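The basis for the numbers below is simple: all heavy atoms, side chains too, and nothing from hydrogens, waters or symmetry mates. Everything quoted here is computed from the prediction, not taken from an experiment.
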Amino acid sequence: MPRIGHLIGRRGALLGAPALLAGAGAARGQAWPGRQVRIVVGFAAGGANDIMARLIAGKLGERVPGTAFVVENRPGAGTLLAAENVARAAPDGATFLYASTSTLITLLVNRGSGLDPVRDFAAVTMAQSSPLLMVSRPDFPARTLPELLALARQRPVTVSHPGTGGINHLAMAMLTQRTGVDFTLVPYTGNQPSLTALVRGDVDVAHDSFFATKGLLGNGSIRPIAVTSAQPAAAMPEVPTVAATVPGYEVLFWGGLMAPRGVPEPILDRMAAEVDAILHLPEVMERVSSFGADAVGLGRAQYAKTIAEDWARWGAVVREIGLKGD
């Protein structure tokens, strides 16, 4: 995956806003369905992906008079239900998928669905990107990643994560591949149960997102060990990166819009231009940064490249660990 922080920094985003706004203005004259537009989210309401989709939908409604943008939550099967719903939708520009890294992994694990993100969907634009985070209890003896790796070589270290086959799980699997250090991975049914297990002392370490861990970090219930971005994260610049210990290691969780394959190019171009302009609004950038993410707005070509690269990279991890769907 390209280093998103290097593609568009906060300063670069502000400098690029006039051009994007101009592009969005030009796109207003292009074709668009004059009816309700669905943005389907494969997660329950209230999570980071849902919040991001609703933020975009609200701003789109302001920018495109006469068209209602509605977020539709279709959680289940690791976002597979949402992906299947959008893939089957008419390619008329009235349905979009708020996809994420989890969507790619779900399709890799559940190959029986027959869905391929490159073949069956059209990339629109990446909306946000954020690193994952390793955290421990304050009394855990390993305070840094080198110390954690050394401890795991001496005795079993348990690591909770929000579910088998998710990005957190595969990121730990990739760390084992890169270091040769095995961890005892303990899957839970979501972020909250995973972090509760850590606070309660059932596990040594948790691997989760800044959005999920923010409250516990703030009250001192847990302590950060390392972030998975290639460079220190803006939300926690004092926390070392995994890459500082394991060169080349980088895992970013991204979310963005995709459409069924076959949607007319003018509609895809317009949606990309409108959303990219929204993502460069100062109030949107500030809102996105509040949950530890960066507003991105890569545009169609770069987003498609990222999807193809991640499809190949995570596919290799899934095959290596022999992960299959239920």
Side-chain angles (χ1 to χ4, degrees), residues 1-7 100-109 129-136 140-188 194 198 203-210 212-213 222-233 235-254 292 294 305-324:
M1 174 184 289
R3 296 182 180 179
I4 305 301
H6 291 290
L7 290 170
S100 70
T101 313
S102 293
T103 307
L104 300 193
I105 294 171
T106 293
L107 297 182
L108 283 164
V109 173
S129 174
S130 59
L132 301 177
L133 183 66
M134 283 185 180
V135 293
S136 70
F140 186 63
R143 303 183 66 88
T144 67
L145 182 57
E147 291 175 356
L148 178 63
L149 294 173
L151 183 63
R153 290 185 177 100
Q154 298 168 9
R155 67 155 174 92
V157 171
T158 52
V159 182
S160 68
H161 59 80
T164 300
I167 181 68
N168 307 78
H169 173 205
L170 294 193
M172 287 301 302
M174 190 165 74
L175 183 63
T176 292
Q177 291 175 356
R178 298 285 182 89
T179 63
V181 177
D182 284 314
F183 295 91
T184 302
L185 303 184
V186 185
Y188 286 83
S194 172
L198 174 64
V203 296
D204 299 316
V205 174
H207 201 259
D208 219 301
S209 67
F210 179 77
T213 58
I222 59 176
R223 184 183 68 215
I225 294 176
V227 295
T228 62
S229 49
Q231 303 296 327
M236 47 196 119
E238 74 287 353
V239 180
T241 64
V242 175
T245 302
V246 186
Y249 183 97
E250 181 181 23
V251 175
L252 296 173
F253 182 89
W254 51 257
D294 292 320
K305 182 174 182 289
T306 298
I307 290 170
E309 290 174 349
D310 270 15
W311 180 248
R313 181 169 69 137
W314 291 120
V317 177
V318 166
R319 288 190 296 274
E320 170 110 5
I321 65 178
L323 187 62
K324 298 183 184 299

Worksheet item: Which heavy atom in Ser136 sits nearest to a heavy atom in Val205, and how many Å separate them?
Response: CB-CG2, 4.4 Å
Worksheet entry | Contact check, side chains of Glu320 and Met174, non-hydrogen atoms, under 4.5 Å | no
Discussion item. I'd like to check the side-chain hydrogen bond (donor to acceptor under 3.5 Å, both in side chains) partners of Thr158; sequence neighbours left out, ordered by chain and number.
Written reply: Asp204
Worksheet entry | Side-chain heavy atoms of Pro141 within contact of Leu151, under 4.5 Å | yes
Worksheet item: About how many Å separate OG of Ser100 and CH2 of Trp254, when rounded to the nearest 0.5 Å?
Response: 6.5 Å
Discussion item. Is any side-chain heavy atom of Tyr249 closer than 4.5 Å to one of Thr179?
Written reply: no
Worksheet, complete the sentence: Separation between CG (Leu323) and OG1 (Thr164), nearest 0.5 Å, reads 7.5 Å
Discussion item. Quick check for you: to the nearest 0.5 Å, what is the distance between Asp294 atom CG and Ser130 atom OG?
Written reply: 8.0 Å
Fill in: Reference residue Leu133; test side chain to side chain contact (heavy atoms under 4.5 Å, CB included); the match among Ile222, Thr213, Asn168
Thr213
Discussion item. Quick check: closest heavy atoms across Ala230 and Ala243, and the distance to 0.1 Å?
Written reply: O-CB, 4.1 Å
Practice prompt. Apply the test side-chain contact (heavy atoms from CB on, under 4.5 Å) to residues Leu170 and Ile321: give CA-CA distance (whole Å), side-chain angles for both, the deciding distance (0.1 Å), then the verdict.
Written response: CA-CA 9 Å; Leu170 294 193; Ile321 65 178; 3.6 Å; yes
Worksheet item: So do Ile105 and Ile167 actually touch side chain to side chain, heavy atoms under 4.5 Å?
Response: yes
Worksheet item: Under a 4.5 Å cut-off applied to non-hydrogen side-chain atoms, are Phe210 and Pro131 in contact?
Response: no
Item to complete: Test Leu148 against Leu145 for side-chain contact (heavy atoms from CB on, under 4.5 Å), laying out the working first.
Response: CA-CA 5 Å; Leu148 178 63; Leu145 182 57; 4.1 Å; yes
Discussion item. For residues 165-188, which residue pairs pass the ring pair (Phe, Tyr, Trp, His ring centres under 6.0 Å) check, not counting sequence neighbours?
Written reply: His161-His169
Worksheet item: When rounded to the nearest 0.5 angstrom, what distance separates CZ in Arg153 from CG in Asp182?
Response: 10.5 Å
Worksheet item: Would you say the side-chain atoms of Thr241 pair up with the backbone N or O of Ala244, donor to acceptor, closer than 3.5 Å?
Response: yes
Worksheet item: Rounded to the nearest 0.5 Å, how far apart are CG of Leu175 and CZ of Arg178?
Response: 9.0 Å
Worksheet item: So do the side chains of Leu198 and Phe140 get within less than 4.5 Å of each other, counting heavy atoms only?
Response: no
Practice prompt. Would you mind reporting whether Pro232 and Val227 have side-chain heavy atoms less than 4.5 Å apart?
Written response: no
Worksheet entry | Residues forming a side-chain hydrogen bond (donor to acceptor under 3.5 Å, both in side chains) with Thr228, sequence neighbours excluded | none
Fill in: Within 6.0 angstrom of Arg143 CZ, more than 12 heavy atoms from elsewhere
no
Discussion item. Would you say that Val251 contacts Val242 through its side chain, given a criterion of any heavy-atom pair below 4.5 Å between the two side chains?
Written reply: no
Worksheet, complete the sentence: Looking only at heavy atoms, the pair that brings Ala152 and Val157 closest together is CA-CG2, 3.7 Å
Worksheet entry | Criterion side chain to side chain contact (heavy atoms under 4.5 Å, CB included) against His207, the qualifying member of Leu185, Val159, Ile225 | Val159
